[in-house]
Structure formats: C-alpha cells, structure tokens
Amino acid sequence: MKTYSSLYAADIMNRYGAERRPFVFLADYAMQACVVEPLEEIDPQRLLYAVGDRTNAPEAGIRKPERELRWEPRFCSPDEYAAEFDVVMTHLLAGNSYLVNLTCATPVGCGLSLREIFDRTDALYKIWFDDRFVCFSPETFVRIDAQGTIASFPMKGTIDAALPKAERRILDDPKEAAEHATIVDLIRNDLSRVAAEVRVERYRYIDRVRTHRGELLQVSSEIRGQLPEGWQSRIGSVLFELLPAGSVTGAPKPKTLEIIAEAENYERGYYTGVCGLFDGRTLDSGVMIRFLEREPGAGQGEYLFKSGGGITYRSDRTAEYEEMKEKVYVPLRRNDSDR
C-alpha cells in the first residue's frame with residue numbers, strides 16, 4: 001500500500017473528489033506517510049475501516065469465539081512524566097504557547113491481536129492498518145455535507161463519569177474551561193482559512209465514552225462554516241490546510257509544534273493524525289486518538305498505547321499525569337462489559 005507526502009496526497013484526493021470517486025484516507029501526524037485508497041481497491045487484509053456507518057469489516061456474527069482481555073499498562077513514572085511536563089510548562093510561562101498537547105507512549109501487555117481489538121471495540125472511527133496499529137477514536141476531525149457545510153467537534157476535557165457530580169466538576173473547572181476555549185478559538189480560526197460564515201453552534205456539551213473500565217465524560221463543542229461551491233475538487237487541499245489537528249497540538253500552532261517536538265521523547269507516527277472517508281457526496285473524518293501500536297520486533301501481545309492531554313499554565317502536573325493514564329483504555333462492545 002503506497003504512502004505519500006501531504007502534497008501528493010492532496011493532489012490525489014482533489015482528483016478523486018472532482019470525479020466524485022469514493023475513497024478512504026489516512027494522514028500521519030507529520031503528513032509524510034499519507035494513504036489514499038479508492039474504496040473498490042482497498043485490500044481488507046491490509047486496511048480495515050469503520051467510519052460512522054461505513055465499513056469494510058466482516059459482520060460481527062462470523063467472528064471466532066472471543067478470548068479474555070488481558071490489559072497490563074506499564075506507565076512511565078511520575079518523575080519521567082515530570083521531565084516532559086516541565087519542558088512544556090517552561091514554554092507556557094515564557095508566553096511561547098497558551099496550550100500544548102503533551103502525549104506519551106505507554107507499553108501495554110494485551111492478550112489480543114490488533115485485529116481482535118478492532119473487532120471487539122466500538123468507536124465512531126476505527127482503523128486497523130497493516131497489523132501495525134489499531135485506532136478507536138471518539139473524536140471527529142471535520143464533516144462536510146453535500147451542501148458544503150463543514151463542521152468540527154473538538155474534544156477537550158475528560159473525567160471519570162463515576163465521580164460525584166462529575167459533569168458539574170468538569171464544566172466548572174477553570175483550567176478545563178480555559179483549555180477548551182483556546183481550542184475552540186483555534187479551530188474557528190483554522191476553519192476560517194477554508195470556509196465562510198464560521199460560527200460556534202454548540203459550546204462545551206458532554207459526550208459519554210464507554211471503556212473497559214467504565215464510562216468517561218468528555219467535553220466537546222461544535223463549530224460550522226460554509227465551503228465554496230465545487231469544494232469536492234479541492235477536498236485534499238482543504239483538509240491539509242487544517243492539519244495537524246488543533247485539538248492534538250495547541251495554540252499558537254506553529255510554535256506549539258516546536259515545543260511538542262522538544263518535550264516528547266518518541267515519534268507520534270499515525271497517532272494524532274486523521275482518518276476519513278469520502279463517499280462521493282460527503283466526507284466524515286476523525287482524529288486518530290485512542291491508539292494502540294505494535295513496534296517492529298515487539299513480542300506477541302506487546303504494544304504501545306499513545307495518549308495525552310492539553311497543558312496550560314494552570315495545569316497541575318499530578319492531575320495531568322493521572323489524566324494521561326485514565327485515557328489508556330479500550331472501548332469494548334457491550335457484550336464485553338463483564339470483562
């Protein structure tokens with residue numbers, strides 16, 4: 001399966017868009033290993049997708065009997081996390097950024113294959129790619145309807161739903177409110193580069209995300225704008241103009257990307273890139289968070305789970321460390337709720 005830089009990928013997507021030819025795409029965080037495949041040419045032995053209600057995966061009913069989930073994360077120590085956090089905080093206090101999305105790679109022992117995890121999880125956006133990684137993301141990047149309305153739904157703010165008054169706690173938290181406001185402003189500005197009449201339709205509403213350890217509450221907003229007529233022939237150019245996604249980088253974006261490169265001690269790869277599907281009329285795409293990857297040469301059932309969160313000058317290091325750990329989960333199907 002060929003990969004392309006963002007420039008070549010955008011050209012291919014523009015051509016397919018002009019032809020109204022359905023395709024699936026993946027864009028890595030660095031936008032140097034992008035995949036663009038017409039639906040009819042996708043090899044399901046290399047790539048499985050589930051984007052909204054569109055999928056090339058076999059029906060669940062023909063799956064083999066399920067094995068028990070073994071889930072053994074080996075988190076970095078608080079001191080290891082502190083070293084990266086302090087790099088970010090130094091830049092924030094110097095005024096170099098307002099918000100930095102700091103992420104980590106957590107080794108996880110798991111008794112399931114990446115393909116089994118794809119089959120057994122529920123999410124708005126799922127990708128299994130070449131037995132290299134599986135993604136089960138709850139976060140929309142952008143959607144474009146047949147009339148050219150483009151919408152983004154940034155997610156910022158996470159809390160355990162089982163905590164007392166969890167919804168009020170997350171909505172009333174001043175640090176979380178400031179972080180969310182920054183991302184909404186960034187996404188609104190990003191959309192304004194490609195669309196007119198950009199507006200915030202809904203601000204800080206609650207989504208529920210089910211995990212193998214219980215429910216999480218996540219705070220989202222909805223931002224919309226209007227693309228010009230004939231947007232399909234520029235679909236790739238529009239998408240890459242918006243990348244990398246603001247919700248997984250920070251603001252201001254160019255300087256924040258430099259801070260992330262300084263602070264993080266691993267390569268994100270496809271993690272925090274985007275995936276999506278153009279059906280010939282509309283587009284739906286997701287941010288590739290909640291991400292489990294097999295490194296070359298890794299032992300059977302040994303993976304890296306990549307996760308993180310937004311850091312502002314108000315952030316508490318211990319709380320951010322715990323939030324990073326809280327996001328290391330798999331969103332199992334309902335019939336797996338007892339495991």
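The figures here come from the full heavy-atom set of this structure, side chains too, leaving out hydrogens, waters and symmetry mates.
- With Asn56 contributing its side chain and Leu47 its backbone, the two residues share a donor-acceptor pair below 3.5 Å.
- When hydrophobic clusters are built by joining Ile, Leu, Val, Met, Phe, Trp and Tyr residues whose side-chain heavy atoms come closer than 4.5 Å, directly or via intermediates, Met89 is grouped together with Val100.
- In this model, no donor atom of one side chain and acceptor atom of the other lie less than 3.5 Å apart for Ser6 and Gln32.
- Of the charged side-chain nitrogens involved, at least one lies within less than 4.0 Å of a carboxylate oxygen, so that Arg193 and Asp190 count as a salt-bridged pair.
- By the 30° and 60° cut-offs, the orientation of the rings of Tyr321 relative to Tyr81 is tilted.
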Worked check of salt bridge (Lys or Arg N to Asp or Glu O under 4.0 Å) between Glu293 and Arg132: CA-CA 6 Å; Glu293 182 174 3; Arg132 292 166 55 185; 5.9 Å; no

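- With a 6.0 Å cutoff to the six-membered ring centre and a 45° limit on the axis angle, Lys325 counts as a cation-pi contact of Phe75.
- Here the closest heavy-atom approach between residue Gly236 and residue Asn14 is recorded as N-OD1, 2.8 Å.
- Looking only at side-chain heavy atoms (C-beta outward), Tyr29 and Ile260 come within less than 4.5 Å of each other.
- A donor atom on one side chain and an acceptor atom on the other are not found under 3.5 Å apart for Asn101 and Thr249.
- Among the candidates Leu112, Leu114, Asp119, the single residue satisfying the side chain to side chain contact (heavy atoms under 4.5 Å, CB included) test with Glu116 is Leu112.
- Closest of all the heavy-atom pairs between Ala27 and Leu243 is CB-CD1, 4.1 Å.
- There is a side-chain donor-acceptor pair under 3.5 Å between Thr256 and Ser97.
- Counting heavy atoms from C-beta on, the side chains of Val24 and Arg54 never come closer than 4.5 Å.
- Residues Ala195 and Leu227 approach most closely at CB-CD2, 4.0 Å, considering heavy atoms.
- With no hydrogens or angles considered, no side-chain donor-acceptor pair links Glu179 and Thr312 at under 3.5 Å.
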Salt bridge (Lys or Arg N to Asp or Glu O under 4.0 Å) evaluation trace for Arg317 with Asp86: CA-CA 9 Å; Arg317 188 168 61 194; Asp86 289 347; 3.1 Å; yes

Worked check of salt bridge (Lys or Arg N to Asp or Glu O under 4.0 Å) between Arg46 and Glu37: CA-CA 11 Å; Arg46 303 282 306 277; Glu37 289 287 319; over 6 Å; no

Test log, rule salt bridge (Lys or Arg N to Asp or Glu O under 4.0 Å), inputs Glu201 and Arg199: CA-CA 6 Å; Glu201 292 282 358; Arg199 61 207 180 271; 2.7 Å; yes

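- Put simply, the side chain of Leu102 does not reach to within 4.5 Å of the side chain of Met324, judged on heavy atoms.
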Working for ring pair (Phe, Tyr, Trp, His ring centres under 6.0 Å), residues Tyr270 and Phe291: CA-CA 9 Å; Tyr270 283 94; Phe291 189 100; 7.6 Å; no

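- Contact detail for Val35 and Phe129: the closest heavy-atom pair is CG2-CZ, 4.0 Å.
- Minimum heavy-atom separation, Pro244 to Met31: CD-CE, 3.8 Å.
- Listed by chain and residue number, His180 satisfy the ring pair (Phe, Tyr, Trp, His ring centres under 6.0 Å) test with Tyr203 (two or more places apart in sequence, or in another chain).
- No side-chain donor from either of Asp185 and Thr182 sits under 3.5 Å from a side-chain acceptor of the other.
- Counted by atom type alone, Thr103 and Tyr266 present one or more donor-acceptor pairs between their side chains at under 3.5 Å.
- Across all non-hydrogen atoms, the minimal contact from Trp231 to Thr282 is CH2-CA, 4.5 Å.
- Side-chain polar atoms of His91 and Glu262 form a donor-acceptor pair below 3.5 angstrom.
- For Glu40, the side chain to side chain donor-acceptor pair (under 3.5 Å) criterion is met by Arg21, not counting sequence neighbours.
- In this model, no donor atom of one side chain and acceptor atom of the other lie less than 3.5 Å apart for Asp284 and Thr140.
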